Structures are given as structure tokens and as C-alpha cells.
Protein chains: 2
Amino acid sequence: MTAEAAQEPSRQTPQCAAVPGAVLDGPVSHSISRVARLHRIAAGRLLRDLGLHPGQEFLMMHLWDSGAVRQSELIKAVGLDPSTVTKMLQRLEQSGHVRRRPDPADRRASLVEATEASCGLLMAVREAWGELERQTLEGLDATERTELARLLAKVEGSLCTSAARAAEADCHSPHQGPLDC
Amino acid sequence: MTAEAAQEPSRQTPQCAAVPGAVLDGPVSHSISRVARLHRIAAGRLLRDLGLHPGQEFLMMHLWDSGAVRQSELIKAVGLDPSTVTKMLQRLEQSGHVRRRPDPADRRASLVEATEASCGLLMAVREAWGELERQTLEGLDATERTELARLLAKVEGSLCTSAARAAEADCHSPHQGPLDC
DNA sequence: GATTTTACCTTGGCCGACCAACTAATGGGG
DNA sequence: CCCCATTAGTTGGTCGGCCAAGGTAAAATC
């Protein structure tokens with residue numbers, strides 16, 4: 001297929017030609033993956049100084065917004081797997097950002113809230129997210145930004161209904177992913 | 001939303017400043033994160049039946065394209081951390097998708113190639129990626145698709161230069177992330 | 001009131017991905 | 001020729017994230 005690979009055993013493959021044919025099916029998918037990774041790395045870099053790992057900020061933001069909240073509510077809000085949230089909360093609790101106590105009204109549930117100490121991070125995290133947004137959208141003018149937001153929202157909807165459709169098709173199978181669209 | 005919160009003033013209001021919607025700073029960033037997660041889940045669902053975990057398809061695609069390749073080349077091509085690639089290759093080798101042998105020309109290096117058995121997956125993986133692309137772009141017309149691709153490429157570029165800038169600023173620090181833009 | 005069902009969380013296992021630190025081989029200057 | 005910086009890969013640790021399975025408590029049903 002690829003003419004250059006068939007013939008030249010020498011290395012020094014020119015970087016620019018490094019777009020393999022596999023990218024041909026799914027250029028946007030590849031782009032999404034790469035953007036996601038870069039975005040996550042950028043977030044991690046900005047969050048690192050605050051003592052947060054990428055992903056935790058979602059939980060903290062919701063806690064800062066909502067005050068004490070039942071863990072199930074939190075899980076529904078962020079749309080993650082319950083076990084993921086459990087472990088993240090265990091780590092956040094150990095690092096002092098979060099406090100948990102049993103719900104007096106329901107002995108199965110537990111209430112989660114951000115600690116007072118963590119509130120000092122609120123502004124810093126918001127600032128970091130602002131900076132992240134700035135870095136992300138740097139180079140796009142206003143109309144491009146709104147257009148990107150619109151398209152992403154549309155893609156999100158599509159992927160969501162796709163996931164729901166797949167889940168519904170597998171409803172008899174023991175598969176019950178965290179679907180929350 | 002949060003209608004019940006407003007309805008219950010007795011609820012422990014957050015001790016931190018009551019900020020309505022931390023999502024406000026960084027709407028596109030939030031959207032990117034959610035889309036990325038949904039996209040990865042969709043990819044995982046499509047890849048699961050093929051015995052591949054999400055992320056491995058990148059490696060396999062490159063191997064199918066390039067034949068036997070030095071591991072360092074592979075690492076450069078996918079842009080991942082070397083240790084990540086090492087572990088993924090160990091698992092892919094154990095599951096029979098990949099073969100590794102030492103490079104006779106350089107005793108440090110090792111050559112990686114896809115096994116013949118794995119080649120049966122090639123078409124299936126391409127098909128899966130095609131389906132993923134279809135699900136992702138479902139609901140977008142042609143101009144929207146090209147526009148999305150264009151905007152994503154621009155964002156990718158921005159995030160890349162941002163990362164490079166940050167890395168350069170930290171060049172004295174022991175930080176040397178896998179930057180490859 | 002007893003039984004089934006459902007909801008809430010936890011644990012263990014696995015994988016992708018990162019960083020830090022390490023070994024080993026290569027190759028370039030004194 | 002030897003020393004030293006660079007390159008190639010590996011290991012260990014940590015985290016986010018998923019799935020599968022389990023245990024306990026509330027709610028629904030009988």
C-alpha cells in the first residue's frame with residue numbers, strides 16, 4: 001500500500017509523512033483523541049501546583065457548587081462510574097480536600113462536602129480553568145469559538161445517543177454502563 | 001436544575017462563596033472533556049469485541065502501516081510516554097497481537113511488528129474506526145464536519161504550542177514531558 | 001410482617017497514561 | 001583509549017477510569 005514503507009528499509013522516516021493510512025478512516029476521531037490528550041495534559045500542568053490531579057477538579061467544582069451532597073448525587077452529576085468516584089473521594093479525603101460522613105437519613109448513603117481548607121483552592125482552580133480555556137481557544141476568533149462550542153455540543157449529543165442506543169441493545173446483557181445523557 | 005436546593009433554605013449552604021456554576025469558566029474545556037470521555041467509551045465498545053482495549057488501536061494501526069519498526073520510532077510516532085508503550089507492548093505481546101525481537105544493529109533497541117494473526121484484525125479495526133467516525137459525526141452535515149475538523153486542528157495546534165511553551169519555561173526543571181508536535 | 005427488589009456504596013482487578021529513577025548500550029570528544 | 005553525555009527500554013509507583021461482584025440498607029411487593 002504505502003509506497004514509501006514498501007521500499008525503504010532505512011530509518012529516518014520523515015516526520016511530516018507520518019500520517020499513516022489508518023488515519024484515513026476517522027480523521028476527526030483521531031483529532032479528538034489527540035486534542036483530548038493535549039487538553040488533559042494542559043489541565044494537569046495547570047492543576048499540579050494546586051495539588052489536584054486531572055479529573056479531580058470536576059468533583060471539587062461540583063462540591064464547591066453544591067455544598068454537602070449525597071454521593072449518589074455527585075455520581076449522577078459527574079456521570080462517572082460509582083467505583084471511580086469512591087476511589088477519588090477516598091484520595092481526596094486523605095489529602096484533606098473533602099470530608100465524608102454517613103447520611104443520618106439513610107444509613108446506606110454518605111454525604112460529601114468540600115473542606116474549608118479546600119475552599120482556598122476555589123479561586124485558583126477557576127483561574128486555572130480560565131487559563132486552560134484561554135490556551136485551548138487561543139488562535140480562534142469569537143465566531144470560531146462559538147461555532148466550536150456548538151459543534152462539540154452536537155457531537156456530544158450524537159455520542160450520547162449512540163451510547164444509549166448501544167446500551168439499550170445490550171440491555172439483556174450484563175452490561176450497564178454509566179449512561180447519563 | 002438545582003431547583004430543590006433553592007427550595008430548601010435549611011440545607012447547609014456551602015461555607016465557601018456560593019458560586020453558581022463553576023462550569024461558567026471553561027465551557028469549551030468542559031465540553032472537550034465530556035466529548036473525549038464519550039468518544040473513548042464508544043471506541044472501547046466497538047473495540048471490545050475485537051479483543052483490543054481503547055488506546056491499543058493506535059499502536060496496532062501504526063504497526064500495520066509500518067511493518068517492523070524500532071520501538072523508539074513507535075514511541076515518537078504515537079507521542080506517548082515510553083513507559084506506557086513498553087507496558088502496552090508487553091500486554092499486546094502476551095495476547096499475541098505483537099512480536100518483539102532485539103535489533104541486531106543496536107543491542108539496546110528492539111524491533112516491533114504485528115503478528116500475522118493480528119492482521120486479521122486490520123479490517124475489523126478500520127471498520128470499527130469508520131463506525132466510530134460515523135457515530136461521532138452523526139447529525140453534522142458536510143460543511144459542519146469540515147469546519148469541526150478545521151477547528152479541532154487549530155485547537156490542537158494551540159494546545160501544542162502551549163505545551164511547548166510551558167516545557168521551555170520548565171526546561172531547567174526536571175520536567176521533560178512527551179512533547180511531539 | 002416477611003420477602004423480594006432496588007438503591008448505595010465498596011472492593012478487587014485490569015488497563016491506559018504519567019513521572020521518576022534506573023540499567024545498559026552507543027557514540028563523541030579529550 | 002577512556003570518559004562522559006546521549007539514547008533505548010524497563011521497572012515501580014500513582015491516578016483516573018472501567019467492569020464485575022459483593023454486602024448492606026431502604027423501599028416495594030405480597
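Residue numbering restarts at 1 for every chain, and letters A, B, ... go by the order of the sequence lines. In what follows, every heavy atom counts, from backbone to side chain, and hydrogens, waters and symmetry copies are set aside. Values in this document were obtained by computation on a predicted structure and should not be read as measured data.
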Heavy atoms only, 4.0 Å cut-off, all strands: where does A:S110 land among base, sugar-phosphate and nothing?
sugar-phosphate
Euclidean distance, atom NZ of residue B:K76 to atom C1' of D:dA8 [Å, nearest integer]
12 Å
Within a reach of under 6.0 Å around CD of B:Q90, are more than 12 heavy atoms found that belong to other residues, nucleotides or ligands?
yes
Please determine whether a side-chain nitrogen or oxygen atom of A:Q71 lies at a distance below 4.0 Å from atom OP1 or OP2 of C:dT10.
yes
Please write out each protein N/O paired with an N/O of nucleotides 3-7 of chain D under 3.5 Å, distance rounded to 0.1 Å.
{"unit_1": "D:dT7", "atom_1": "O2", "unit_2": "B:R108", "atom_2": "NH1", "d": "2.5"}

Is the phosphate of C:dG16 approached by B:R91 (side-chain N or O, under 4.0 Å from OP1 or OP2)?
yes
Which residues pass the side-chain hydrogen bond (donor to acceptor under 3.5 Å, both in side chains) test with B:T146, sequence neighbours left out?
none
Roughly how many Å is it from CZ in A:R45 to P in C:dC18, rounded to a whole number?
12 Å
DNA chain C: 5'-proximal contact among B:G55 and A:A109 (nearest heavy atom)
A:A109
Comparing A:D106 with A:P54, nearest DNA chain D nucleotide closer to 5' gives the residue A:P54
Can you list the steps and then say if A:S29 with B:H39 is a side chain to side chain donor-acceptor pair (under 3.5 Å)?
CA-CA 8 Å; A:S29 290; B:H39 186 264; 3.1 Å; yes
Checking contacts here: which listed nucleotide (D:dG16, D:dA25, D:dC19) is nearest the side-chain heavy atoms of A:R107?
D:dA25
Identify, with sequence neighbours excluded, every residue that meets side-chain contact (heavy atoms from CB on, under 4.5 Å) alongside A:Q135.
A:A42, A:L46, A:E131, B:S162
Among D:dG16, D:dG13, C:dT11, the one nearest any side-chain atom of B:K87 is D:dG13
